[in-house]
Amino acid sequence: MEQYKRSATCGELGAHDDGRKVTLNGWVHRTRDHGGVHFFDLRDRYGIMQIVVDADAPGGLADQAASLKLEYCVAVIGTVRMRPEAMRNREMQTGEIELAAEQIVLLAKSDTLPFMIEDRSDAKDELRMKYRYLDLRSFSMQRKIALRHETSFRIREFLTRHGFLEIETPTMIRSTPEGARDFLIPSRLHRGKFYAMPQSPQLFKQILMVGGFDKYFQIAHCFRDEDARGDRQIEHTQIDIEMSFVSKEDVFETVEAMLAHVFSHALGVHLQTPFKRLTYEEAMNTYGSDKPELRVGLEITDFAAIARESSFQVFRAAIADGGAVKALVIPGGAEYSRKRITELEDVAKTYGAKGLAWMRVAPGESGAVLDGGVSKFFSDDTAAVVRAVGATPGDLIVMVADSWRIACTALGAVRLDVARREAMIARGTFEFAWVIDFPLFEWNDDEQKWDAAHHMFSMPQERFVENLESDPGAVKGDLYDLVCNGFELASGSIRIHDPELQRRVFSIIGFDEQEAHRRFGFLLEAFQYGPPPHGGIAPGLDRLVMIMAEETSIREVIAFPKNTQGVSLMDDSPAEVDPGQLAELGLKIIDWT
RNA sequence: GGGGGCGUGGUGGAGCUGGUUACCACGCCGGCCUGUCAAGCCGGAGGUCGCGGGUUCGAGCCCCGUCGCUCCCGCCA
């Protein structure tokens, strides 16, 4: 290899290199054989260079060029020269020049490809995953993986400059009761005992605060044994951050400045800070989601006042049951077919809505008139209805009457479906917002008890502390999410550092002290030794890069992702192991079917 | 756990109301070609239509089951 080592890359040469003798290394990207003269494009990470083998090239070079096939790995030695004036390619970075080959060295052959690299039609994901190394050769993947690197580099740069220390925490820990199912690792030396993979470095970063590292971060792998989605893998990467002696404002400022730094350097995009803030209630009421897509202007409105006075029993009953009636105006929706409305109703139903009431707003002699659907129940109050929801003639009003949560989320889903179908979502923009004031507890109907809505170490807001036990459902926590373009990008909280308060929270969620000490006594014990007030946050790196790359699946920004079944198609994991390995661990596979 | 979509030569797609030899593009193989750059032209190979049943004179198409991928609900603090 020594004598064929590259002296330049395929993307860097230009007119100023005219006459320069260079060696290039790369892959045969495309070939164009004209019988006499022969062209091929050589590709590496940095670009594409046209190689030309002239008809009068010496010693079998033409034959050699003709034998090159796609994705052969080669070294080419030759002289850079200007292309004839009319033959320059303006679309191409290196389109003014070409390399006149003098020697071609075959470094490695390639089998016929299972799919074309850089084809107009993409191969199916399944195939791309199986041959990930080929998929990764595409400029599109190279760009995204490079963007991911740039992002984590700028994060490290920013946090380091601001006094944060990157500290690693173990990836084999004890199983602790967090939200998700743990991945377990059997211990050979301690048969019958297990390590767990961390769902996040949560407990360790809090202990680092007790350890006096007041500004910590880590780009950490997290593992959760739950069903995957496009924006969710069983294994993902978090930008884990924790700080001592701070309020949530300090966390917000840090993350805003960090993201502004990242976007500026990685994308050349200026982010407007501070980010917008929404309470959880506002987000749900207005957008029907706790991770609102703010690039869409449509807003949900409250229809309770009108529903209560109407003659429509379905609405009156929902209100009487303590539920809600919400409405969404779809501009121009009066033209929707019944089929389309049924589709929207199906969307609402997936979120538990029993139906989707609708009526059209049509132009009338004296202002708007209501038409179709449930309009007959509201025809006396047309003006009030139209004013309440802000509709104009040509619009469609859709409504859901149900529990507050279902009414909001069902219409939130309809809102997104309409926005996507009508192409109302602007590309290339990033709408960030903090969602704050989440409830600390959530009623678990199955078990008839209170659960921690976020996690059990999150601080209740001070004004609720006094009445924590008497009305848990009303307690708001010092919890916050960062959302962007409809994705939850980060989640965090100010933590409880007062053992007494922690005991009260445990008791509300029915976690007795003995159990608490058994599961994570080490944290509670640490809190006996002067724990600093602290809080933090954990942006998801995969989702961040996905949003930056304008992708909709994090698989696109992970070099070696798993599919929705948690299978890595390239190395075919998970896989069976040797009986000997099982025996050493004292494990036996039983028939569980 | 539940629901929707998809599965057709190596790849991406088409295939009408069930009808005779399953179509197109790219790739692959052979030939021609001295300026292309998604090169072009001529020729060729390549398919148990995911799998298993069923309905039918006849199934890529309809029905049932099953497997895989994917999107969504649940789940994921």
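Being a predicted model, the structure only gives us computed values, none of them experimental. Lettering of chains follows the sequences in order, A, B, ..., and the numbering in each one begins at 1.
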> salt bridge (Lys or Arg N to Asp or Glu O under 4.0 Å): which pairs involve residues 414-424 of chain A, sequence neighbours left out?
Replying inline: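 Of all non-adjacent pairs touching residues 414-424 of chain A, those that pass salt bridge (Lys or Arg N to Asp or Glu O under 4.0 Å) are Arg340(A)-Asp417(A), Glu343(A)-Arg421(A).
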> Pairs in or reaching into residues 47-61 of chain A: which pass salt bridge (Lys or Arg N to Asp or Glu O under 4.0 Å), with residues at least two apart or in two chains?
Replying inline: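 Found Asp54(A)-Arg81(A).
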If you measure from the [atom1] atom in [N] to the same atom in [M], how many Å do you get, rounded?
N	M	atom1	result
G46(B)	C6(B)	P	31 Å
C73(B)	C28(B)	C1'	45 Å
G65(B)	U20(B)	C1'	31 Å
C62(B)	U17(B)	P	10 Å

Whole angstrom value for the distance that separates [atom2] of [N] from [atom1] of [X]:
X	N	atom1	atom2	answer
Ile48(A)	U36(B)	CD1	P	18 Å
Phe39(A)	C33(B)	CZ	P	16 Å
Asp417(A)	G4(B)	CG	P	17 Å
Glu442(A)	C76(B)	CD	C1'	12 Å
Ile117(A)	C26(B)	CD1	P	19 Å
Glu98(A)	U36(B)	CD	P	11 Å
Glu118(A)	U11(B)	CD	P	19 Å
Leu113(A)	U11(B)	CG	P	12 Å

> Considering only side-chain heavy atoms of Arg83(A), which listed nucleotide, U34(B), U11(B), U36(B), is closest?
Replying inline: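 Among U34(B), U11(B), U36(B), the one nearest the side chain of Arg83(A) is U36(B).
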Categorize [X] for me: base, sugar-phosphate, or nothing, with a 4.0 angstrom heavy-atom threshold over every strand shown.
X	answer
Glu91(A)	nothing
Gly35(A)	base
Leu127(A)	sugar-phosphate
Ala452(A)	sugar-phosphate
Pro84(A)	base

Protein and nucleotides 13-15 of chain B: nitrogen or oxygen contacts under 3.5 angstrom:
| from | atom 1 | to | atom 2 | distance (Å) |
| --- | --- | --- | --- | --- |
| G13(B) | OP2 | Lys124(A) | NZ | 3.1 |

>> On RNA chain B, compare the nucleotides closest to Thr31(A) and Asp54(A); which residue's is nearer the 5' end?
In response: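 That would be Asp54(A).
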> If each of Arg543(A) and Gly36(A) is mapped to the nucleotide of RNA chain B with the nearest heavy atom, which maps nearer the 5' terminus, i.e. the 5' end?
Replying inline: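 That would be Gly36(A).
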>> Could you check whether Glu118(A) pairs with Arg43(A) (Lys NZ or Arg NE/NH1/NH2 to Asp/Glu carboxylate O, under 4.0 Å)?
In response: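 Salt bridge absent between Glu118(A) and Arg43(A).
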Return the set of residues passing side-chain hydrogen bond (donor to acceptor under 3.5 Å, both in side chains) with [X] (not counting sequence neighbours), or none when no residue passes.
X	result
Asp402(A)	Lys354(A)
Glu556(A)	Arg128(A), Lys144(A)
Glu281(A)	none

>> Is there a side-chain contact between Arg30(A) and the phosphate of A39(B), meaning an N or O under 4.0 Å from OP1 or OP2?
In response: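 Yes, such a contact exists.
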> Within the pair Arg32(A) and A39(B), is there a side-chain N or O less than 4.0 Å away from OP1 or OP2?
Replying inline: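 Yes, Arg32(A) has a side-chain N/O under 4.0 Å of OP1/OP2 on A39(B).
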Close N/O contacts between protein and nucleotides 28-32 of chain B (under 3.5 Å):
| from | atom 1 | to | atom 2 | distance (Å) |
| --- | --- | --- | --- | --- |
| C29(B) | OP1 | Lys69(A) | NZ | 3.2 |

>> Ring-plane angle category for Trp404(A) and Tyr280(A), please: parallel below 30°, perpendicular beyond 60°, tilted otherwise.
In response: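 It falls in the perpendicular class, over 60°.
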> When the ring planes of Phe39(A) and His34(A) are compared, do they come out parallel, tilted or perpendicular, using 30° and 60° as the limits?
Replying inline: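 Taking His34(A) first and then Phe39(A), their aromatic rings stand perpendicular (interplane angle over 60°).
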If the condition is ring pair (Phe, Tyr, Trp, His ring centres under 6.0 Å), which residues does [X] pass it with, not counting sequence neighbours?
X	value
Phe223(A)	none
Phe457(A)	His455(A), Phe520(A)
Tyr336(A)	none
His517(A)	none

Enumerate all atom pairs, one protein N or O and one N or O from nucleotides 65-74 of chain B, separated by less than 3.5 Å.
| from | atom 1 | to | atom 2 | distance (Å) |
| --- | --- | --- | --- | --- |
| G68(B) | O2' | Glu126(A) | OE2 | 3.1 |
| C69(B) | OP1 | Asn563(A) | ND2 | 2.8 |
| U70(B) | OP2 | Thr564(A) | N | 3.2 |
| U70(B) | OP2 | Thr564(A) | OG1 | 2.3 |
| U70(B) | O3' | Arg555(A) | NH2 | 3.4 |
| C71(B) | OP1 | Arg555(A) | NH2 | 2.8 |
| C73(B) | OP1 | Tyr351(A) | OH | 2.5 |
| C73(B) | OP2 | Arg229(A) | NH1 | 2.6 |
| C73(B) | O2' | Thr350(A) | O | 3.4 |
| C73(B) | N4 | Arg229(A) | NH2 | 3.3 |
| G74(B) | N7 | Arg229(A) | NH2 | 3.0 |
| G74(B) | O6 | Arg229(A) | NH2 | 3.1 |
| G74(B) | N1 | Asp227(A) | OD2 | 2.9 |
| G74(B) | N2 | Asp227(A) | OD2 | 3.4 |

> Does a distance-only test, which skips hydrogens and angles, find a donor-acceptor pair under 3.5 Å between the side chain of Arg81(A) and the base of G35(B)?
Replying inline: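 It does, because a donor-acceptor pair links the side chain of Arg81(A) to the base of G35(B) below 3.5 Å.
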> Just checking, is any N or O donor in the side chain of Gln50(A) or Thr94(A) under 3.5 Å from an acceptor N or O on the other one?
Replying inline: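 Gln50(A) vs Thr94(A): no donor-acceptor pair found between side chains.
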